[in-house]
2 protein chains.
Amino acid sequence: MSAQNTRNRIIEAADRLFYERGFEATSFAEIAAAVDLSRGNFYYHFKTKDEILEAVLVRRDQATRDMLVAWEGAADTPVERILAFVQMLIVNQAKIMAFGCPIGGLSNELAKLSHPAKAEAIGLFLLFRDWLAGQFVALGRVQDAQELALHLLMRSQGVATLATAFGDEAFVRREVADMTAWLAAQVAATGQTLGS
Amino acid sequence: MSAQNTRNRIIEAADRLFYERGFEATSFAEIAAAVDLSRGNFYYHFKTKDEILEAVLVRRDQATRDMLVAWEGAADTPVERILAFVQMLIVNQAKIMAFGCPIGGLSNELAKLSHPAKAEAIGLFLLFRDWLAGQFVALGRVQDAQELALHLLMRSQGVATLATAFGDEAFVRREVADMTAWLAAQVAATGQTLGS
DNA sequence: GTCTATATCAGGATAGAC
DNA sequence: GTCTATCCTGATATAGAC
């Protein structure tokens with residue numbers, strides 16, 4: 001097994017465990033066990049836990065960029081692209097109900113720990129915000145694109161948090177429908193301000 | 001110092017630390033230090049960490065009920081009462097930006113840990129949901145009171161999460177204004193369904 | 001590149017003196 | 001009711017053999 005390959009498997013497992021159990025709550029032993037590696041050998045690939053976190057964040061950053069590019073390719077209009085974002089709540093419903101949003105969860109945990117990598121985790125939020133803002137600009141909402149993007153991001157975070165707490169599928173469907181209706185209203189109200 | 005008094009001080013410090021740093025990340029030593037107590041003596045009051053968590057949850061439950069009763073007393077109309085809930089985002093802005101929502105944060109952490117006290121933490125959400133639903137019923141929205149309550153709870157969670165991530169005061173003010181406008185629209189649309 | 005063995009440390013928890 | 005001293009466990013991290 002090449003070092004690169006093993007390294008990637010470690011990052012992949014750490015990514016999943018950090019999401020499902022949290023960063024602090026995940027031990028080296030768990031990651032090592034997940035990739036069938038001895039704890040000793042683990043340190044050949046990563047010296048510290050923060051190094052793994054860093055690698056996971058880079059991986060998530062790239063995965064997010066790739067996903068956004070894929071959404072661009074899969075849809076022809078800004079509205080359809082924004083809906084791809086909203087649909088994430090349905091597509092990833094099972095995972096969100098069990099573990100919440102990976103970005104929101106990690107950002108919050110790192111904020112509480114005053115962890116140096118906090119800014120990088122928040123950077124993942126920025127990728128979505130800026131991409132969404134770009135779609136709203138394309139939609140003609142140049143003035144308040146950023147605000148609209150944050151509003152949508154806010155809703156997705158709120159839905160994720162309550163979905164985790166209550167495990168209520170009907171709630172998720174209802175809120176996704178409401179976000180879709182909200183989006184349609186924004187399209188109709190091009191040039192006006194948020195909420196009007 | 002009476003045992004009861006010391007016990008209360010421990011619960012108070014644990015409540016704050018669980019909020020500011022997270023449950024797992026808070027050690028016995030930190031709580032003991034916060035109340036100027038030796039680690040040994042600590043165990044006279046609480047045998048296990050879960051026992052402290054339990055006491056903190058009971059305290060939060062009571063504090064929440066008290067706050068809801070206070071809101072009832074301070075406002076005469078359901079709309080004003082619901083606005084008291086929304087205004088929490090402004091009143092507690094500094095803490096929310098630093099540490100997020102105490103209920104959302106704890107629920108999420110306990111969910112990931114599959115902790116037995118998870119249901120109790122979610123119970124705090126239910127206090128707000130049911131109280132808000134009661135206000136919407138009083139407002140004449142009998143049919144969809146529960147849905148409206150969850151929608152508002154969802155928004156407050158989303159705002160809290162992004163406020164923690166971005167520390168953007170203008171964003172919080174804007175979203176609070178938007179929630180206020182949304183509420184006014186619900187009052188105007190009594191009898192209709194969410195989002196319409 | 002992978003292993004076993006081990007050092008080191010922190011956190012949870014207990015015993016017993018005062 | 002409070003303290004000091006101590007144990008145990010699990011987690012990070014290292015050394016060195018293969």
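These figures come from a predicted structure and were not determined experimentally. Chain identifiers are assigned alphabetically (A, B, ...) following the order of the sequence lines, protein sequences preceding nucleic acid strands; residue numbering begins at 1 within each chain.
Between the CZ atom of F46(B) and the C1' atom of dG11(C) there is a distance of 18 Å, given to the nearest Å. Between the P atom of dT2(D) and the NE2 atom of H45(B) lies a distance of 5 Å, rounded to the nearest Å. Atom CD1 of I31(A) is separated from atom C1' of dA11(D) by 12 Å (rounded to the nearest Å). Rounded to an integer number of Å, the gap from E24(A) CD to dA11(D) P is 12 Å. Atom C1' of nucleotide dA11(D) and atom CZ of R21(A) are separated by 13 Å, given to the nearest angstrom. For the pair N8(A) CG and dG1(C) P, the interatomic distance rounds to 12 Å; values are reported in whole Å. R7(B) has its CZ atom 13 Å from the P atom of dT2(D), to the nearest Å. Going from atom OH of Y44(B) over to atom P of dA13(C) covers 19 Å, rounded to whole Å.
Side-chain N/O atoms of T48(A) include none lying less than 4.0 angstrom from OP1 or OP2 on dT12(D).
Distance from the side chain of Y43(B) is smallest for dA13(C) among the nucleotides dT2(D), dA13(C), dA13(D). Comparing atom distances between the S27(A) side chain and each of dG11(C), dA11(D), dT2(C) picks out dA11(D) as nearest. Picking from dG12(C), dT12(D), dG1(C) the nucleotide with the shortest atom distance to the side chain of R39(A) gives dT12(D). Distances were taken from every side-chain heavy atom of N41(B) (C-beta onward) to each of dT2(D), dG12(C), dT2(C); the shortest belongs to dT2(D). Looking at the side chain of K49(A), the nearest of the listed nucleotides dT2(C), dT12(D), dG12(C) is dT12(D). Counting only heavy atoms from C-beta on, S38(A) has its side chain closest to dT4(C) among dT4(C), dG12(C), dG1(D).
Using modelled atom types, one finds no donor on one side chain facing an acceptor on the other under 3.5 Å when comparing E12(A) with N8(A).
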Start with the C-alpha gap between Y43(B) and F28(B), add the side-chain angles, then the distance that decides, and say whether ring pair (Phe, Tyr, Trp, His ring centres under 6.0 Å) holds.
-> CA-CA 9 Å; Y43(B) 287 85; F28(B) 274 34; 5.1 Å; yes
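Between the K49(A) side chain and the T26(A) main chain, a donor and an acceptor come within less than 3.5 Å of each other.
The environment of CZ in R39(A) is sparse: at most 12 heavy-atom neighbours from other residues, nucleotides or ligands sit within 6.0 Å.
Between F99(B) and Y19(B), the two ring planes are perpendicular [angle over 60°; tilted spans 30° to 60°].
Residues L37(B) and K47(A) each lie close to DNA chain D; by heavy-atom proximity, the contact nearer the 5' end of the strand is made by L37(B).
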